[in-house]
Amino acid sequence: MSLVFYGHPLASFCHKVLIALYENGTPFDNRLVDLSDESSSADLFRFWPIGKMPLLRDEARDSTIPETSIIIEYLDHYYPGPVRLLPLEIDRALQVRLWDRFFDHYVQAPMQTLVSNRRRPEGKADEIEMAAARTTLATAYAMIEKQLADKQWITGEAFTMADCAAAPALFYAETLVPFSQDQPMLRAYYDRLLARPSFARALDEARPYFKFYPYHDRLPARFRDAAG
């Protein structure tokens, strides 16, 4: 198979690319990487010594593609399907790229800060860093609520790369800083993302691993039950 995807089912950034792959039914070989196992991670580090997931390898073109947004744009260009994830028209494309970066930097990043602090030994969490992360998430939620005022998806009526970024970011972030009651647009958008078949598939595949998420007791009930 030409495309090989290196990732892990629990990783939110891996979900982002999986959504894009599943949206268009793109054939690929899904390689689960265990970073604690040298043999499992050998190919990942061979192709991308930084060692971050996900990574896409295109054997047909002898190309190695890191970074989620670059991977999705690569797929949209070289392996297009019925769902175009990046518009051709430049102004619309820039909006998609903006909101893609927004979710990565202002939802994913603070979410990961909170999770990484939870994993530290007792008494080693950085309370100032965590407070700043919660503030960033609260600000981001308010901006998303405003952006969704007249939209089905984050940039309009079409599902795009920006929604691929939004889905896993919000899924985990909501367990850390829940949406407020005065954010009905955000809640409805989140529910639409959960119902999207591509994201639902990625979450189903992650079910056996949710027990390793430190806040698994805050996941939606159907995933919390799966986590055990």
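At a threshold of 4.5 Å between non-hydrogen side-chain atoms, the residues Ile65 and Leu55 do not count as touching. Counting heavy atoms from C-beta on, the side chains of Leu186 and Leu170 come closer than 4.5 Å. Residues Leu56 and Leu75 have side chains in contact (heavy-atom distance under 4.5 Å, counting atoms from C-beta outward). The closest side-chain heavy-atom distance from Leu176 to Val115 is below 4.5 Å. In this structure, the side chains of Thr136 and Thr113 stay at 4.5 Å or more apart for every pair of heavy atoms. Using a 4.5 Å cut-off on side-chain heavy atoms (C-beta onward), Arg196 and Trp153 make contact.
Contact record, Phe45 with Gly51: CE2-CA, 3.5 Å, taken as the closest heavy-atom pair. Annotation for Ser41 and Asp34: closest pair CB-O, 3.9 Å, computed over non-hydrogen atoms. When all heavy atoms of Cys164 and Ile72 are compared, the pair lying nearest together is CB-CD1, 4.2 Å. Closest approach of Gln152 and Tyr189 over heavy atoms only: O-CD1, 3.9 Å. Looking at every heavy atom in both residues, Arg118 comes nearest to Pro214 through NH2-O, 3.5 Å.
For Asn117 (side chain) and Ala125 (main-chain N/O), no donor-acceptor pair under 3.5 Å exists by modelled atom type. Side-chain N or O atoms of Tyr141 include one that pairs as donor or acceptor with a backbone N or O of Val177 at under 3.5 Å. Side-chain N or O atoms of Glu89 include one that pairs as donor or acceptor with a backbone N or O of Arg92 at under 3.5 Å. In this structure, the side chain of Lys151 engages the main chain of Gln147 through a donor-acceptor pair within 3.5 Å. In this structure a side-chain-to-backbone donor-acceptor pair under 3.5 Å is missing from Asn24 to Thr26. At least one donor-acceptor pair closer than 3.5 Å links the side chain of Arg207 to the backbone N or O of Arg222. Side chain of Asp76 to main chain of Leu86: a donor-acceptor pair is present (N/O by atom type, distance under 3.5 Å, no hydrogens or angles). Side-chain atoms of Ser63 come within 3.5 Å of backbone N or O of Arg61 as a donor-acceptor pair. Using a distance-only test at 3.5 Å, with no hydrogens or angles considered, a donor-acceptor pair links the side chain of Asp163 to the main chain of Ile154. Without hydrogens or angle criteria, Glu145 side chain to Met185 main chain gives a donor-acceptor distance under 3.5 Å.
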task = Give the C-alpha distance, both sets of side-chain angles, the deciding distance and a yes or no for ring pair (Phe, Tyr, Trp, His ring centres under 6.0 Å) between Phe171 and Phe210.
result = CA-CA 12 Å; Phe171 179 78; Phe210 280 136; 5.7 Å; yes
ask   = Passes side chain to side chain contact (heavy atoms under 4.5 Å, CB included), Asp43 versus Val33? Steps please.
value = CA-CA 9 Å; Asp43 271 354; Val33 177; over 6 Å; no
message = As a quick check of understanding, evaluate side chain to side chain contact (heavy atoms under 4.5 Å, CB included) for Leu114 and Glu129, giving each step before the final call.
response = CA-CA 8 Å; Leu114 292 171; Glu129 185 178 66; over 6 Å; no
Contacts under 3.5 angstrom, residues 12-22 side chains, donor-acceptor by atom type, not counting sequence neighbours:
from  : atom 1 : to     : atom 2 : distance (Å)
Ser12 : OG     : Gln108 : OE1    : 2.7
His15 : NE2    : Pro9   : O      : 2.5
Lys16 : NZ     : Thr68  : OG1    : 2.9
Lys16 : NZ     : Ser69  : OG     : 3.1
Lys16 : NZ     : Asp100 : OD1    : 2.8
Lys16 : NZ     : Asp104 : OD1    : 3.3
Lys16 : NZ     : Asp104 : OD2    : 2.8
Tyr22 : OH     : Glu205 : OE1    : 2.7
Tyr22 : OH     : Glu205 : OE2    : 2.9

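Taking a cutoff of 4.0 Å between a charged side-chain nitrogen and a carboxylate oxygen, Arg187 and Asp182 do not qualify as a salt bridge. A salt bridge does not link Glu23 to Arg84: none of the charged nitrogens lies less than 4.0 Å from a carboxylate oxygen. With salt bridges taken as basic N to acidic carboxylate O contacts below 4.0 Å, none links Arg201 and Asp204. Taking 4.0 Å as the cut-off between side-chain N and carboxylate O, Arg97 and Glu73 count as a salt-bridged pair.
Taking the six-membered ring for Trp and the full ring otherwise, the centers of Tyr172 and Tyr215 sit at least 6.0 Å from each other. Taking the centre of each ring, Phe28 and Tyr79 stay at or above the 6.0 Å mark. In this structure, the ring of Phe199 has its center no less than 6.0 angstrom from the ring center of Tyr190. Within the 6.0 Å centre-distance limit, the rings of Tyr209 and His8 are counted as a close aromatic pair.
If you take CG on Leu203 and CG on Leu193, they are separated by 10.0 Å, rounding to the nearest 0.5 Å. Put simply, CZ on Arg101 and OH on Tyr106 are 9.5 Å apart, with the number rounded to the nearest 0.5 Å.
No cation-pi contact links Arg57 to Trp48, judged by a cut-off of 6.0 Å to the six-membered ring centre and 45° from its axis.
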